[in-house]
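In what follows, chains are A, B, ... by sequence order, proteins preceding strands, each numbered from 1.
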Amino acid sequence: GAVVSQHPSWVICKSGTSVKIECRSLDFQATTMFWYRQFPKQSLMLMATSNEGSKATYEQGVEKDKFLINHASLTLSTLTVTSAHPEDSSFYICSASGLATRRYNEQFFGPGTRLTVL
Amino acid sequence: AQSVAQPEDQVNVAEGNPLTVKCTYSVSGNPYLFWYVQYPNRGLQFLLKYITGDNLVKGSYGFEAEFNKSQTSFHLKKPSALVSDSALYFCAVRDTGAGSYQLTFGKGTKLSVIP
């Protein structure tokens, strides 16, 4: 149990276009979802925390108008990179936590999405 | 504020030898501590966690970690390294005094097991 999926696993897009990444909790209700960004050979940087039905809380330095996060249901959160530019190319990872899971102290991570902006 | 330090960017160990990947932390409340492993272009895989109870925690793939409150450390260990253990390892902490699920990650340690 406690499986998180991400779609797509990789995406290549042209500069100026928008890209949507989905994060789904497959077998539990995710009251909280997190979005991370990881640069090559670096650690995970928390971008934002979203609670179902409310606005996301963005970390300092993360542009909320560029990285739109929606957490409309207990099993789905989306990250939309608007007007993507090459510097947005990165590995994006989501994670989910839920009070209903027995292991509520944990975050469960998705497999990540590799975004390349040309 | 919570923080995690992984002092070694890279650890090299010969196959069959014991390995240690170091982690120290700083929190205001009690810590929940985690180790994750990441293979190239993959997400994080959970290895083990410390929440409460025994200081020695056993996890997946033969890994274990020891919680040391006085030294604020949570080093990852394995008695006999395998080539397949070569990967990037992240230590993470959640501060129970912070009232959220937020994790803070160390910068990661690249483990290379030499055949």
Side-chain angles (χ1 to χ4, degrees), chain A residues 1-11 21 23-25 30-52 56-60 90-116, chain B residues 1-10 21 23 25 27 29-53 57 59-60 67 86-112:
Chain A
V3 178
V4 176
S5 69
Q6 277 184 246
H7 179 80
S9 56
W10 59 269
V11 57
I21 302 170
C23 177
R24 293 182 184 272
S25 57
T31 51
T32 305
M33 285 187 169
F34 303 84
W35 286 95
Y36 296 86
R37 183 174 179 177
Q38 185 181 29
F39 292 100
K41 299 183 180 180
Q42 293 192 28
S43 187
L44 280 72
M45 180 192 77
L46 179 65
M47 299 174 65
T49 303
S50 71
N51 293 300
E52 185 267 336
T57 302
Y58 289 81
E59 295 299 304
Q60 191 173 7
S90 193
F91 194 53
Y92 293 87
I93 303 174
C94 75
S95 70
S97 291
L99 292 177
T101 60
R102 292 181 62 185
R103 295 184 290 169
Y104 64 89
N105 293 309
E106 293 183 45
Q107 290 182 25
F108 302 97
F109 287 82
T113 297
R114 172 73 60 192
L115 170 63
T116 301
Chain B
Q2 59 199 51
S3 66
V4 176
Q6 290 181 245
E8 302 153 318
D9 291 335
Q10 178 146 357
V21 183
C23 172
Y25 66 90
V27 296
N30 291 317
Y32 289 169
L33 293 154
F34 304 83
W35 275 102
Y36 293 89
V37 61
Q38 185 181 35
Y39 295 96
N41 294 311
R42 302 286 296 275
L44 271 66
Q45 295 180 31
F46 170 80
L47 280 179
L48 51 80
K49 66 181 178 183
Y50 171 82
I51 304 297
T52 187
V57 178
S60 307
F67 171 62
S86 299
L88 191 56
Y89 289 81
F90 290 100
C91 180
V93 67
R94 175 189 158 200
D95 187 349
T96 60
S100 78
Y101 290 102
Q102 183 171 326
L103 288 177
T104 298
F105 286 84
K107 62 181 181 179
T109 298
K110 182 179 179 181
L111 173 66
S112 293

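- The distance from the CD atom of B/Q38 to the CD atom of A/Q38 is 4.0 Å, given to the nearest 0.5 Å.
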- [ ] Kindly indicate, with the supporting measurements, whether the criterion ring pair (Phe, Tyr, Trp, His ring centres under 6.0 Å) is fulfilled by A/F109 and B/F46.
- [x] CA-CA 8 Å; A/F109 287 82; B/F46 170 80; 9.7 Å; no

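- With a 6.0 Å radius and a threshold of 12 heavy atoms from other residues, nucleotides or ligands, B/R42 has its CZ atom at or below the threshold.
- Between B/L44 and A/L44, the closest side-chain pair of non-hydrogen atoms falls below 4.5 Å.
- For the options A/Y36, A/F91, A/W10, heavy-atom pairs under 4.5 Å to chain B are most numerous at A/F91.
- In this structure, CD in B/Q102 is found 5.0 Å from CG in A/L46, a value given to the nearest 0.5 Å.
- Distance alone, capped at 3.5 Å, places no donor-acceptor pair between the A/S43 side chain and the B/G108 backbone.
- With a 4.5 Å cut-off on non-hydrogen atoms, B/Q45 does not touch chain A at all.
- Neither the backbone nor the side chain of A/Q6 comes within contact range of chain B, judged by heavy atoms closer than 4.5 Å.
- Residue B/F90 touches chain A through its side chain alone, counting heavy-atom pairs closer than 4.5 Å.
- Remark: B/K110 engages no residue in a salt bridge (Lys or Arg N to Asp or Glu O under 4.0 Å) (not counting sequence neighbours).
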